[in-house]
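Below is one structure, written out as C-alpha cells; the observations come after it.
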Amino acid sequence: MHRRSETDTQRYFFCDQYSNEDNWRPTTRRRRTEILEQTGGRLTHVIAGVGTGGTVTGLGRRLKEYDSNIRMICVLPEAFPGIEGLKPLGSPQDIVPRFSTKASSMSGSP
C-alpha cells in the first residue's frame, strides 16, 4: 500500500501512523473525559500498552492538562506478543514511531 500511495497519490492515501505527528490527536479528549468521569478525577497513574505510541502520547498530554502530577506508565514487551497495541521498541527490526523519541525524551523518570 505504501508503494501504491507514492505512485498514485490521486487514488491512494497512506496514513503512516508510525511517523504521523498528529497520530495522538484523534480521540484523546474523549478518552480523557471518560477516564476522569469514571474515576471521579481521582487518578494518579495510567498504565497502557504501546503500539504506535499515539494513545499513550495523546492521553498523557491531555491528562496532564488536568493534573500535571498524573504519571503515565508504558508497557513495552521484549518481543512482539501477537497483539496489536503492544509493540517492542528495542530491536533494530522493530518499527519505532518517529515521535516516540520526542515523547520519551520529555517524559523524565517516573
Side-chain angles (χ1 to χ4, degrees):
M1 184 52 114
H2 188 145
R3 285 190 296 268
R4 286 184 183 177
S5 69
E6 289 177 338
T7 58
D8 190 354
T9 58
Q10 296 301 311
R11 189 169 177 196
Y12 297 100
F13 172 75
F14 185 64
C15 307
D16 193 7
Q17 63 187 8
Y18 289 95
S19 61
N20 184 334
E21 291 289 329
D22 293 322
N23 183 35
W24 61 274
R25 293 181 190 277
T27 60
T28 56
R29 280 204 167 89
R30 185 179 72 227
R31 284 189 185 137
R32 177 188 72 174
T33 301
E34 282 179 28
I35 289 169
L36 292 175
E37 285 176 358
Q38 291 177 15
T39 62
R42 296 181 319 272
L43 183 68
T44 59
H45 293 75
V46 174
I47 300 171
V50 175
T52 65
T55 297
V56 170
T57 301
L59 186 58
R61 287 177 182 177
R62 296 295 180 227
L63 286 172
K64 286 179 178 286
E65 289 173 356
Y66 172 77
D67 181 349
S68 63
N69 293 315
I70 293 173
R71 306 303 296 173
M72 295 298 294
I73 300 169
C74 301
V75 176
L76 297 169
E78 290 182 19
F80 180 60
I83 302 169
E84 284 302 317
L86 284 178
K87 303 274 176 86
L89 301 175
S91 300
Q93 69 269 20
D94 295 333
I95 300 171
V96 178
R98 285 188 207 164
F99 61 86
S100 74
T101 55
K102 293 178 188 175
S104 64
S105 68
M106 294 186 306
S107 64
S109 58

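Just so it is clear, the structure is predicted and the values come from calculations on it, not from any experiment.
- Residues Arg71 and Thr44 form no side-chain contact, since every pair of their non-hydrogen atoms from C-beta on lies 4.5 Å or further apart.
- Atom CZ of residue Arg42 and atom CG of residue Leu36 lie 11.5 Å apart, to the nearest 0.5 angstrom.
- Under the 3.5 Å distance criterion, the side-chain polar atoms of Thr39 are matched with a main-chain donor or acceptor of Ile35.
- A salt bridge is absent between Arg31 and Glu34: the closest approach of a Lys/Arg side-chain nitrogen to an acidic carboxylate oxygen does not fall below 4.0 angstrom.
- The shortest side-chain heavy-atom distance between Asp67 and Leu43 does not fall under the 4.5 Å cut-off.
- Using modelled atom types, no side-chain atom of Arg62 and backbone atom of Arg32 make a donor-acceptor pair closer than 3.5 Å.
- Residues Val46 and Ile73 are not in side-chain contact: their nearest non-hydrogen atoms beyond the backbone lie 4.5 Å or more apart.
- Note that CE of Met72 is 6.5 Å distant from CG of Leu63, once rounded to the nearest 0.5 Å.
- Formation of a donor-acceptor pair under 3.5 Å by the Lys64 side chain with backbone atoms of Ile70 is found in this model.
- For the residue pair Val56 and Gly49, the shortest heavy atom distance occurs at CG2-O, 3.7 Å.
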